[in-house]
Amino acid sequence: MERKVIVRADDLGYSDAVNVGIARTVHNGLINNVGVMVNMPTTMSGLAMIKDTGVCLGLHTVISAGQPLTNPKLIPSITNPDGTFRHSSDYRTATHDFVNLNEVVLEIEAQYQKFVALVGRQPDYFEGHAVVSDNFVKGLEIVGERHHLNLLRFAAGPDSPSVPFKGKVLHVFMESMGENYNPYETLKRAALAQYNDGYAMMVCYLDDYLLQHSSLTVPRTQEVAMLTDPQMQEWLEQQRIKLIKYSEV
């Protein structure tokens, strides 16, 4: 019996190196689902690198990196005095949810509208980047319902949680922050599991911007190597694993 697995690359637009890594995995590897950050300086160049490839494009909504698309004065709960977004560490260490729901809805809506302007259509899936906040999730739900979007709830960690998507359940394998992470083994576990799987993965190369702004560095280069490894493609074919898009769920 053929198994179906979703393999996803996040953060297109994060930096030039991220774009190069994702482009490699799209053109020469296993990636056919890409999450786009629409608020970053290299978003347009990243989209140009994968133009006309037919990949499934999602809106990877950001409130913890780069500049907002909304006037920072209108969204003070999620921005710094210099107008940039608050860092992801602020959310991780907070003792309460400081995200103002009305403010975050403004920014999520702005990013949705920017995605449509850049891509020319709605995103194939819609979710958030690297922030655990109840009000952020509520904001995604509000904007998702407003535009009838396919919301994919954020999930990560060693417990491989299940998440609902388009009336079905996806089992998520996202282990890049774990100790002794091996992307080959993670993908194989996802592929051989006894159910259809959503498999989330972030891929990129390293550059100075990434080293200064991200806590994930070396694992991402390992993911690029695995996703462009012909032996991994051969293994998937031998195991009768079909890589599908979110639009095919």
Side-chain angles (χ1 to χ4, degrees), residues 8-27 29 31-72 74-75 78-80 82-88 104-131 136 139-140 143-144 147 149-152 154 200-217 220-221 223-224 227 245-247:
R8 184 178 101 206
D10 289 340
D11 300 357
L12 187 81
Y14 196 107
S15 73
D16 288 325
V18 173
N19 293 343
V20 169
I22 291 177
R24 280 200 65 195
T25 63
V26 169
H27 289 283
I31 290 295
N32 55 11
N33 299 276
V34 175
V36 183
M37 292 176 157
V38 298
N39 69 310
M40 303 298 280
T42 64
T43 300
M44 292 185 66
S45 61
L47 285 170
M49 290 180 183
I50 59 172
K51 184 179 180 182
D52 299 327
T53 58
V55 296
C56 183
L57 293 177
L59 173 53
H60 196 54
T61 314
V62 187
I63 61 168
S64 60
Q67 298 272 356
L69 300 182
T70 307
N71 185 336
L74 300 178
I75 52 172
I78 56 175
T79 55
N80 296 309
D82 65 358
T84 60
F85 277 127
R86 295 181 67 162
H87 193 269
S88 58
V104 81
V105 167
L106 283 176
E107 179 60 23
I108 295 169
E109 176 68 27
Q111 293 191 28
Y112 165 73
Q113 296 296 340
K114 183 65 175 292
F115 181 97
V116 173
L118 289 173
V119 179
R121 60 174 175 80
Q122 288 190 328
D124 296 303
Y125 61 96
F126 170 64
E127 39 85 48
H129 167 76
V131 168
F136 184 34
L140 292 169
V143 175
H147 298 290
L149 304 178
N150 295 314
L151 176 62
L152 180 69
F154 178 81
M201 174 175 286
M202 292 177 285
V203 300
C204 62
Y205 280 171
L206 293 179
D207 60 9
D208 186 62
Y209 184 88
L210 189 73
L211 290 171
Q212 293 186 41
H213 293 85
S214 177
S215 58
L216 278 176
T217 53
R220 296 185 173 194
T221 63
E223 289 163 353
V224 173
L227 291 166
K245 303 176 182 178
Y246 282 107
S247 56

Give the minimum heavy-atom separation between [X] and [Y], together with the two atoms involved.
X: Q67; Y: G83; answer: OE1-O, 3.2 Å
X: G35; Y: Y125; answer: N-OH, 3.1 Å
X: A130; Y: S88; answer: O-CB, 4.0 Å
X: R8; Y: I31; answer: C-CD1, 3.7 Å
X: G13; Y: T42; answer: O-OG1, 2.6 Å
X: T43; Y: V36; answer: CG2-CG1, 3.9 Å

How many angstroms lie between [atom1] in [X] and [atom2] in [Y], if you round to the nearest 0.5 Å?
X: N19; Y: L12; atom1: CG; atom2: CG; result: 4.5 Å
X: K114; Y: M37; atom1: NZ; atom2: CE; result: 14.0 Å
X: I75; Y: T70; atom1: CD1; atom2: OG1; result: 4.5 Å
X: L149; Y: L59; atom1: CG; atom2: CG; result: 8.0 Å
X: I22; Y: D11; atom1: CD1; atom2: CG; result: 6.5 Å

Any idea how H60 and H129 line up, ring-wise: parallel (<30°), tilted (30 to 60°), or perpendicular (>60°)? perpendicular
Taking side chain as C-beta onward, heavy atoms only, is [X] less than 4.5 Å from [Y]?
X: H27; Y: T53; answer: yes
X: Y112; Y: Q122; answer: yes
X: P68; Y: I78; answer: no
X: N150; Y: D124; answer: no
X: N39; Y: F85; answer: yes
X: I108; Y: F126; answer: yes
X: Q111; Y: V143; answer: no
X: M49; Y: V20; answer: yes

side-chain contact (heavy atoms from CB on, under 4.5 Å) evaluation trace for V62 with Y14: CA-CA 10 Å; V62 187; Y14 196 107; over 6 Å; no
With distance as the sole test, does [X] use its side chain to make a donor-acceptor pair with the main-chain N or O of [Y] at under 3.5 Å?
X: S64; Y: R86; answer: no
X: N80; Y: D82; answer: no
X: N32; Y: V55; answer: no

